[in-house]
There are 4 protein chains.
Amino acid sequence: MNLTPFSSAFRNGAGENKHILNTAAGIFAHKGYHQTTVDEIARALGVAKGTIYYHFKNKEELYLAIIREGVYLLEEQMRLDISGAGTAAGKIKKLIRGMLAFIEDKKDLVFLFLKELYGTNIQREDLAKMISASLGLIQAVIEEGVKDGSLKKVDPEITTRSLFGMIIISALHYISYARSIPHAQVRSSIEQVFFEGTVQPDTREE
Amino acid sequence: MNLTPFSSAFRNGAGENKHILNTAAGIFAHKGYHQTTVDEIARALGVAKGTIYYHFKNKEELYLAIIREGVYLLEEQMRLDISGAGTAAGKIKKLIRGMLAFIEDKKDLVFLFLKELYGTNIQREDLAKMISASLGLIQAVIEEGVKDGSLKKVDPEITTRSLFGMIIISALHYISYARSIPHAQVRSSIEQVFFEGTVQPDTREE
Amino acid sequence: MNLTPFSSAFRNGAGENKHILNTAAGIFAHKGYHQTTVDEIARALGVAKGTIYYHFKNKEELYLAIIREGVYLLEEQMRLDISGAGTAAGKIKKLIRGMLAFIEDKKDLVFLFLKELYGTNIQREDLAKMISASLGLIQAVIEEGVKDGSLKKVDPEITTRSLFGMIIISALHYISYARSIPHAQVRSSIEQVFFEGTVQPDTREE
Amino acid sequence: MNLTPFSSAFRNGAGENKHILNTAAGIFAHKGYHQTTVDEIARALGVAKGTIYYHFKNKEELYLAIIREGVYLLEEQMRLDISGAGTAAGKIKKLIRGMLAFIEDKKDLVFLFLKELYGTNIQREDLAKMISASLGLIQAVIEEGVKDGSLKKVDPEITTRSLFGMIIISALHYISYARSIPHAQVRSSIEQVFFEGTVQPDTREE
DNA sequence: GATGAATGAGTATTCATTCAT
DNA sequence: TATGAATGAATACTCATTCAT
């Protein structure tokens, strides 16, 4: 599978650019876009400020390259989780597991693009499109399950966002307190709710 | 209903402070903290810049007052939704409906505090504590349901975050594109997933 | 002896104005003119800011009233020291003693007008004239002593400044370290140098 | 003669830093710290404001660098005056002459550090220590003279301050009126008083 | 390719002063 | 007399960006 254009920043000059991106990502994630100065990134990299401008057009381009990379990597992760054969439910289970691992592994990136996604910063439009495209992967699985009858007749669009919300907010709950995620617990809890629901069959009302 | 101390910023000088907060909230939500200048807020209010500083210590205090107000109002909404008699499931349904309405009504505030909550900005600690306290209200309902047997034995902490994530991310999905939320649809979809799950009983796999 | 115009600020509304002046003097002396805010003075007085403007035209007028009072009081002190009968040397001794006591007693005022005198603040011209007039009192005593032959033929202008410098710098040396002045010691030391000089007669060289 | 570490601000970037310091010193001396804007200094230098901040952390650091330089230069001058062989009286004569010349030459710097020394501004502690150390040079000469019997038994600490006061206040008397110092006259007057005193031997009273 | 000195537009903040009550 | 809310001019400081070397 080829790298999509999203990851372009990482491809050319694979070495230096990637190095800058990784270092900058950590700082941006830690302090936010505006609190992070180009000086600071340069200092962390041990290069002169001008060098950064040699590799990236400006601060915003550098930032966006990082965000795009985050979205790209998340999408890669999702694609990996749902590829291959299996039922919709089976794929979703893999997806939950994979995303939790990804979020913990790439806290910085996840923080950054969530912030962009639901925040009001630069280029939200573009980003929203990118993340929507990624969520399309999940949505396709759900639609597939609904179609083949293995899943109930749910609204795929909303259910996709619900699943994404369950995973991401649960994970962030732990991460934002700098705790590590209790994977098994979170995974089984989300699976139980998402697949089986929370209400006892015999007490169902409505 | 009297305002509790949480809402203190709105009480004293009820008039002017509230006016400043409401106007500023819209601008902050629209442009983000750093893109919003105090000049701009003053202009929007039709007062001199000094007036803002007469009422609030500085830009950050103004911002935090807004965030706190958002959290406070959300908590009020939740409290209202789950008060009174009823089963856990009944309360949760009211909560879903109430929160969706609240999010749409107070987009600006919700945007702002979500950004703070999962972003890396100022005073996340305090804010995280406040929102955690609010989520405690949901958690109590879930624990109550588990205890009285009306809900399955789920992990209350994670399930609370899952429910919160389902609601908030689904709502933001629409709002971030400046679309209005299709309430009935979102509500029933979330309820279905949360209460009944998505998997067809007869196709359940382990 | 009547109050001179210098002290006018203290005369009318003797009560309130004097109260404001005294309080403000301490703050100005402690923090400097520009570091002291009118708000701060008002707070220290327990009145509203507007009240100060009711009593004084503006901040600068208030400040100058204090400075003038300092110069006026110093001059009063000097006048008292050199009044009455006695030799020039006797008067100068009283002057040294009186000035040391005054400086220690009114540190705040002395600080303030020295700062104005040799600093570059507002209205230095006026102030310099005032202090020069005061030093004229000393100069007259020296001239008198030179004339009646009790003092050597010294340049009265420079010798006056020298004497003033000896006293003020010696006193400030102690005060600026927040130590109290060892009066007897300083007095006798200054007297010895000023009257008898420091060189041993038998080792005098040209 | 190499510059000692005291003068570090002038050494590194010898060119630009020194240029900024000299220009700024004149403006600060002329208008005072708070009346001088960074904009003004930049304009006088013909550089952008940012350039000043590139070379100095902030306005205060720039100011203090100037003050330190003044104290340093004065100390150098004193050291030069009292170096070499000679009696205590001879050294003091050279000191008086040297200091008068220095004060007239570096009015700006002397104004500034006197203001700091006896004013109530920033970092007086540090400055007071520095000037005290410098005055230690004079005090050592006086102690030496007392020890070898060429000077009377005076209190070295107070006498040092007295001498310093005589010189500085006499010089400032002329300079503060923008007149030039009548060197010969001031020098001989101070020498006469300091060495021989002012009282006629045959009229001495107790 | 890399540097880092210089830039200058942009902004939060302060505070003396006013004036309607 | 006294107040204190409102003002707005004044200013220190930041930092992304450029460019000569």
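These figures come from a predicted structure and were not determined experimentally.
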Just name whichever nucleotide pairs with dA16(E), Watson-Crick or G-U, keeping both distances under 3.5 Å, else none. dT7(F)
Scanning all shown strands, the Watson-Crick or wobble mate of dA2(E) with both distances under 3.5 Å is dT21(F)
Pairwise P distance, dG1(E) and dT21(F) [rounded to whole Å]: 22 Å
Would you kindly compare Ala48(D) and Lys57(C) by the position of their nearest DNA chain E nucleotide and give the one closer to the 5′ end? Ala48(D)
Upstream residue (5' side of DNA chain E) when Tyr54(A) and Gly50(D) are each assigned their closest nucleotide: Tyr54(A)
Walking DNA chain F from its 5' end, the first of Gly46(C) and Asn58(D) to be reached, judged by nearest nucleotide, is Gly46(C)
Is Thr51(D) touching bases, backbone alone, or none of the nucleic acid, heavy atoms closer than 4.0 Å? base
Just to be sure I understand the rule, does Lys59(A) reach a base, reach only the sugar-phosphate, or reach nothing, if contact means heavy atoms closer than 4.0 Å? sugar-phosphate
For a quick test of reading the model: is some side-chain N or O of His34(D) closer than 4.0 Å to OP1 or OP2 of dT11(F)? no
Do the side-chain N or O atoms of His55(A) get closer than 4.0 angstrom to the phosphate oxygens (OP1, OP2) of dG1(E)? no
Rounded to the Å, how far apart are [X] [atom1] and [N] [atom2]?
X        : N       : atom1 : atom2 : value
Ile41(D) : dA6(E)  : CD1   : C1'   : 17 Å
Leu62(B) : dA12(E) : CG    : C1'   : 13 Å
Asp39(A) : dT7(E)  : CG    : C1'   : 14 Å
Ile52(D) : dC15(F) : CD1   : P     : 18 Å
Phe56(D) : dT14(F) : CZ    : P     : 15 Å
Glu60(C) : dT17(E) : CD    : P     : 8 Å
Glu61(B) : dT13(E) : CD    : C1'   : 14 Å
Tyr63(C) : dC15(E) : OH    : C1'   : 18 Å

Inter-residue atom distance Tyr63(B).OH - Arg68(B).CZ, 0.5 Å rounding: 12.0 Å
Would the base of dT3(F) count as contacting Lys49(C) through its side chain, where contact means a donor and an acceptor less than 3.5 Å apart? no
For the side chain of Tyr53(A), starting at C-beta, report the closest nucleotide among dT11(F), dC13(F), dT18(F). dT18(F)
May I ask you to decide if [Y]'s main-chain N or O and [X]'s side chain share a donor-acceptor pair within less than 3.5 Å?
X        : Y        : answer
Thr23(A) : His19(A) : yes
Lys59(C) : Thr36(C) : yes
Tyr33(B) : Glu60(B) : yes

So which atom in Ala42(A) and which in Ile52(A) form the shortest heavy-atom distance, rounded to 0.1 Å? N-CD1, 3.7 Å
